[in-house]
Amino acid sequence: MTSVPTDSVLPLTFLGPEGTFTESALLKVPGAAALARIPSNTAAAALNKVRNGEAFAAMLPIENSIEGGVPATLDAIANGVELRIIHEVVVPVSFVLVARTGVTLADVTAVGTHPHAWAQTREWFAAKLPLATHVPANSTAAAAHELVAGTSAFQAAVCAPLVAEQTGLNILAAGIEDNAGAVTRFVLVAKPGSLPVPTGADKTTLAIPLPEDHPGALMAILEQFASRGVNLSRIESRPTGQYLGHYIFSVDMEGHIRDARVAEALRGLHRVSPDMRFLGSYPRADGQPPLIRAYNSDVAFAEASTWVESLLV
Ligand SMILES: O=C(O)C(=O)Cc1ccccc1
């Protein structure tokens with residue numbers, strides 16, 4: 001099982017402040033609770049702490065089952081000095097609506113929270129507080145802390161029940177998530193150099209810029225996975241910000257770079273999109289092994305290489 005080195009002299013960082021869902025996810029990583037933890041205000045700030053050696057690794061939300069990818073995290077990982085995902089955690093999240101003492105539901109006209117928390121409570125607000133507007137915050141706990149400080153442009157925040165306990169804010173409503181089965185996926189990101197060992201149930205993450213002046217480039221990219229029997233579990237496009245129409249595809253697939261079919265797909269992808277980034281191979285949170293046909297197994301790839309070698313006489 002991949003975990004963090006418990007003898008690390010460096011702390012871990014996470015999307016903070018104290019009490020975020022991300023901190024709870026970090027505490028589920030084996031060995032993490034034994035290390036020092038420092039909060040970061042944004043995904044980019046957390047990753048920069050890893051890049052400049054202030055932290056061993058950063059925990060960030062990357063995807064949820066309602067809203068899809070978390071843009072701030074996807075963009076921060078795909079750009080800047082290269083990093084690697086070394087661990088994933090998938091957790092169900094439940095939200096509460098909190099406010100300072102004396103504030104009632106009827107007083108709430110604006111609500112502060114992380115955009116993904118707002119997306120997961122939209123129906124509750126449409127039914128109970130249809131006129132309330134959303135004020136985006138860097139995290140759910142950051143919104144709650146603004147309420148405590150009295151500096152907020154909103155009267156209530158959506159956050160984890162734990163934050164209500166930690167801050168003493170009042171719970172106006174609990175269990176306000178629209179979909180009780182919703183889960184969020186978090187990733188632990190470190191510097192390259194600690195590639196987790198394959199477990200047989202792994203995931204690999206890539207950032208693939210769509211090559212320019214290449215009609216059919218997306219098809220050429222997808223072909224690399226299809227022809228090696230590599231199943232994708234997420235694919236999203238993110239604008240690079242350089243100019244309109246320039247995109248990076250953020251992709252998760254089943255398998256480890258040490259699996260022959262994944263390594264073959266990566267070789268093919270690198271030819272089509274040379275600036276592609278490998279963002280890590282790590283154990284799947286659900287431990288589900290992929291379905292691999294015999295002709296895509298490591299043995300079949302090795303046998304095929306041996307066969308070609310034997311012809312080169
Ligand atoms: O804001 C937080 O507490 C986070 O950790 C990010 C987040 C927001 C909504 C759902 C899951 C994670």
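All ligand and atom numbering here is 1-based and tracks the order in the structure.
Side-chain contact, H246 with T240: a donor N or O sits under 3.5 Å from an acceptor N or O. Side-chain N/O atoms of S139 and T20 include no donor and acceptor closer than 3.5 Å. One side chain, T205 or Y282, offers a donor N or O that lies under 3.5 Å from an acceptor on the other.
Contacts classified as side chain to side chain donor-acceptor pair (under 3.5 Å) and involving residues 285-300 (residues at least two apart or in different chains) are given here: R284-D286.
Checked against salt bridge (charged side-chain N to carboxylate O under 4.0 Å, His left out), R228 has no partners two or more places apart in sequence or in another chain.
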Listed pairs under 3.5 Å, donor-acceptor, residues 305-313 side chains, sequence neighbours left out:
from : atom 1 : to   : atom 2 : distance (Å)
S305 : OG     : F301 : O      : 3.3
T306 : OG1    : A302 : O      : 2.8
S310 : OG     : W307 : O      : 2.5

Which protein N or O atoms sit under 3.5 Å from any N or O of ligand 1? Give atom names and distances.
from     : atom 1 : to   : atom 2 : distance (Å)
ligand 1 : 1 (O)  : T140 : N      : 2.6
ligand 1 : 1 (O)  : T140 : OG1    : 3.2
ligand 1 : 3 (O)  : F21  : N      : 3.0
ligand 1 : 3 (O)  : T140 : OG1    : 2.5
ligand 1 : 5 (O)  : F21  : N      : 3.3
ligand 1 : 5 (O)  : T22  : N      : 2.9
ligand 1 : 5 (O)  : T22  : OG1    : 2.5

